[in-house]
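Only one structure is covered here, and it is reproduced in the block below.
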Amino acid sequence: MGFSPEEAAAAIDRCGVDSSVLELADSIHAAQMAEEPDGTGWGYSRPRFEAAEGSSYCSARKKRRLMEEKRRLKRSCLSQRRGDYVKRSSMDFEDAPMVIPKPMIGFGLPYEKCITRRTLPEAAIGPPYFYYENVALAPKGVWDTISRFLYDIEPEFVDSKHFCAAARKRAYIHNLPLENRFPLLPIPAKTIQEVLPVTKRWWPKWDHRTQLNCLQTCIASAKLTDRIRMALENSSDPPTPRVQEYVLAECRKWNLVWVGHHKLAPLEPDEVEMLLGFPNNHTRGGGISRTDRYKSLGNSFQVDTVAYHLSVLKRMFPNGINLLSLFSGIGGAEVAIQKLGINLNLVVSVEKSKINRNIVRSWWEETRQKGDLIDLDDVQQLNGDRLESLIKRYGGFDLVIGGSPCNNLAGSNRHTRDGLEGQHSSLFYDYFRILDLVKCIMGQSS
DNA sequence: CCTATGATGATTGTGAGA
DNA sequence: TCTCACAATCATCATAGG
């Protein structure tokens, strides 16, 4: 790793990547270098909730204080433009929303010029390492709040379309080092036609899609694909512009692919697994229905993306890691780490859904893991006492990973897009509570 | 009870053009 | 700076049929 600018430029040329990638990397790098002589280099300091508070292990009182702090921050509208990675002087403390950088490549992509260093706020530095994920396109202010709770770390905005053939716009907040990241091999193909070769034969010239939109929890019905088929049958060849427009809109909305003449179909669960980087049949069997497979997969990580970020752990932990995995789902984090060749000595996995826990458990057995897998069904079970005994027994956690529920943040939700205070998405505060407890306990014992 | 299906918009951001 | 058209989006609910 470690490309010179010339090598990076050459690599980008080979890949045919937009030069804006290089420009962005340059601007970020310049901003990183131009650090203030004193202070943290972040150019601002704001009150943050002091979580470590004696041995009073959270819950009611702490949660109340969290809510108070959150409301106060909301009122005071202390916002900071962060997304452009440009440091601001104290004059710029106006209400500026977080900006998502373009292109959405985080700190850089494999085999291209990357940001390799940043200055983390003191409070963010581990142990343990942590990694938090959620949807990038959340309602206004959500990422400002999340970032403020997670020790003022900048989110890393990444679209997984740079890692696989489907878009997945997500933001990740973590305190991992950035140097010497490497991708999982083999590198997946990034076009629909390569990944699903069957579709190539039937793909009409007027459908210019080469990548899929975000894989969600629901798929198109057979009725819809049949209506489209009828519309195409009754049109000319190629179809009239109006029909084309209708068909393409439905294709984009439902991620349909061409599987025959005038024939479109939603992705099969196996294909979704493959696109997200899971092993074949990962969610198959165990009494799970087809609809629930889509649901579990739609809520999951893109494994290659996450693995790229976590790859730095391989050198640091040659003997394996102890993992605390919150909101595990079907085990995207566990699969990513296993694929990186990092031993899992201990996994404490919290997941509400029983079928998801079964999926992780059977994956654990299929991959012949040597370590211990402890699965819990509720984050509330992880109180101070429970964590303390786990940490004493196993010697601490090396990584706390989790993507808290996005239900109340996701744009697809017509009913309860209530933001971070929503019934499910407010579980983010449990992620923070548990992370802060782990930091606290491990800080005391070391 | 379980499963699949169809109906149900709003909130963001962006880019062109006035 | 403003409007306006366009595009994307880890979903929820009631209901029918097994």
Side-chain angles (χ1 to χ4, degrees), chain A residues 20 81 83-84 96-104 132-144 146 157-161 164 166-172 208-209 211-228 245-246 248-256 266-269 272-273 275-278 283 286-303 305-306 327-333 351-356 402-420 422-425 427-428:
Chain A
S20 60
R81 180 186 298 274
D84 54 6
M98 186 164 311
V99 171
I100 297 177
K102 276 175 49 179
M104 209 191 284
Y132 175 80
E133 176 264 5
N134 216 321
V135 291
L137 307 179
K140 276 181 179 170
V142 166
W143 277 106
D144 291 281
I146 293 175
F157 289 96
V158 185
D159 189 340
S160 290
K161 74 177 183 182
C164 67
R168 206 166 187 79
K169 298 177 184 62
R170 297 294 180 269
Y172 307 86
H208 299 117
R209 290 177 302 152
Q211 291 195 301
L212 294 158
N213 280 338
C214 186
L215 306 172
Q216 302 196 158
T217 57
C218 299
I219 62 159
S221 65
K223 285 263 171 54
L224 175 69
T225 53
D226 199 51
R227 273 203 300 275
I228 295 174
E245 199 177 327
Y246 159 70
L248 286 175
E250 296 295 336
C251 282
R252 282 193 291 261
K253 189 193 298 178
W254 292 104
N255 264 332
L256 304 174
L267 296 169
E268 291 296 312
V272 180
E273 279 174 357
L275 284 160
L276 291 177
F278 286 92
T283 59
I288 189 173
S289 73
R290 185 182 162 85
T291 347
D292 279 342
R293 284 182 77 188
Y294 285 116
K295 189 165 184 177
S296 291
L297 285 161
N299 282 300
S300 177
F301 286 167
Q302 206 286 326
V303 171
T305 311
V306 172
F327 318 109
S328 302
I330 56 175
E351 169 57 37
K352 188 181 65 169
S353 155
K354 184 173 172 57
I355 47 181
N356 284 349
S404 63
C406 66
N407 307 24
N408 310 116
L409 309 177
S412 316
N413 190 340
R414 278 116 147 119
H415 296 271
T416 51
R417 199 185 185 192
D418 306 328
L420 207 52
Q423 187 186 359
H424 305 287
S425 293
L427 286 170
F428 159 73

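In what follows, every chain begins at residue 1, and chains take the letters A, B, ... in the order their sequences are listed.
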Inset, instruction - Check whether the side chains of A/Glu273 and A/Thr283 place a donor and an acceptor atom closer than 3.5 Å, and report yes or no. - result: yes

Inset, instruction - Give the rounded distance in Å between these two atoms: CZ of A/Arg417 and C1' of C/dC13. - result: 18 Å

Inset, instruction - May I ask you to evaluate whether A/Gln216 reaches the phosphate of C/dT9, defined as a side-chain N or O under 4.0 Å from OP1 or OP2? - result: no

Legend entry - Pair A/Asp292, A/Tyr294: side-chain N/O donor-acceptor within cut-off below 3.5 Å: no

Legend entry - Value in whole Å for how far the C1' atom of C/dC10 lies from NZ of A/Lys352: 14 Å

Legend entry - Residue-phosphate contact under 4.0 Å: A/Asn213 side-chain N/O, C/dT9 OP1/OP2: yes

Legend entry - Short side-chain N/O contact from A/Arg252 to OP1 or OP2 of C/dA8, under 4.0 Å: yes

Inset, instruction - Mind calculating the distance between CG (A/Asp159) and P (C/dC10) to the nearest angstrom? - result: 10 Å

Inset, instruction - Please evaluate the base of C/dC13 for a donor-acceptor partner in the side chain of A/Arg414 within a cut-off of under 3.5 Å? - result: no

Legend entry - Phosphate OP1/OP2 of B/dT3: any A/Lys295 side-chain N/O under 4.0 Å: no

Inset, instruction - Report yes if at least one side-chain N or O of A/Ser412 is closer than 4.0 Å to OP1 or OP2 of C/dA11; otherwise report no. - result: yes

Legend entry - Between P of C/dA8 and CG of A/Leu212, the distance in whole Å: 12 Å

Legend entry - Phosphate OP1/OP2 of C/dA11: any A/Thr217 side-chain N/O under 4.0 Å: yes

Inset, instruction - Give A/Cys406 one of three labels, base, sugar-phosphate or nothing, depending on what nucleic acid heavy atoms sit under 4.0 Å from its own. - result: base

Legend entry - hbond_proxy A/Glu133 side chain to C/dC10 base (donor-acceptor, 3.5 Å cutoff): yes

Inset, instruction - Pick base, sugar-phosphate or nothing for A/Arg170, based on heavy-atom distances below 4.0 Å to the nucleic acid. - result: base

Inset, instruction - Using a heavy-atom cut-off of under 4.0 Å over every strand shown, decide if A/Lys223 touches base, sugar-phosphate, or nothing. - result: sugar-phosphate

Inset, instruction - Would you indicate which nucleotide in C/dT12, B/dG15, C/dC10 comes nearest to any side-chain atom of A/His415? - result: C/dT12

Legend entry - Side-chain heavy-atom pair A/Cys164, A/Gln302 within 4.5 angstrom cut-off: yes

Legend entry - C/dT9 phosphate, OP1 or OP2, under 4.0 Å from A/Asn413 side-chain N/O: no

Inset, instruction - State the dot-bracket string of DNA chain C. Criteria: Watson-Crick or G-U wobble, both atom distances under 3.5 angstrom; notation: ( ) intrastrand, [ ] crossing earlier pairs, | interstrand, . unpaired. - result: |||||||||.||||||||

Legend entry - Euclidean distance, atom CZ of residue A/Phe157 to atom P of C/dT9 [Å, nearest integer]: 15 Å

Legend entry - C1'-based separation of C/dC10 from B/dT14 [nearest Å]: 23 Å

Legend entry - Shortest side-chain distance from A/Asp292, nucleotide among B/dG13, C/dT12, B/dT3: B/dT3

Inset, instruction - Show the numbers, then the answer: is there a side chain to side chain donor-acceptor pair (under 3.5 Å) between A/Thr305 and A/Tyr172? - result: CA-CA 10 Å; A/Thr305 311; A/Tyr172 307 86; 4.9 Å; no

Inset, instruction - Quick one: label A/Ala167 by what it contacts on the DNA or RNA (base, sugar-phosphate, nothing), any heavy atom closer than 4.0 Å. - result: sugar-phosphate

Inset, instruction - Tell me what A/Ser160 touches on the nucleic acid: a base, only sugar-phosphate, or nothing, going by heavy atoms under 4.0 Å. - result: nothing

Legend entry - Short side-chain N/O contact to C/dT9 OP1/OP2 from A/Lys169, under 4.0 Å: yes

Inset, instruction - Could you state the atom-to-atom distance from OH of A/Tyr294 to P of B/dT5 in whole Å? - result: 10 Å

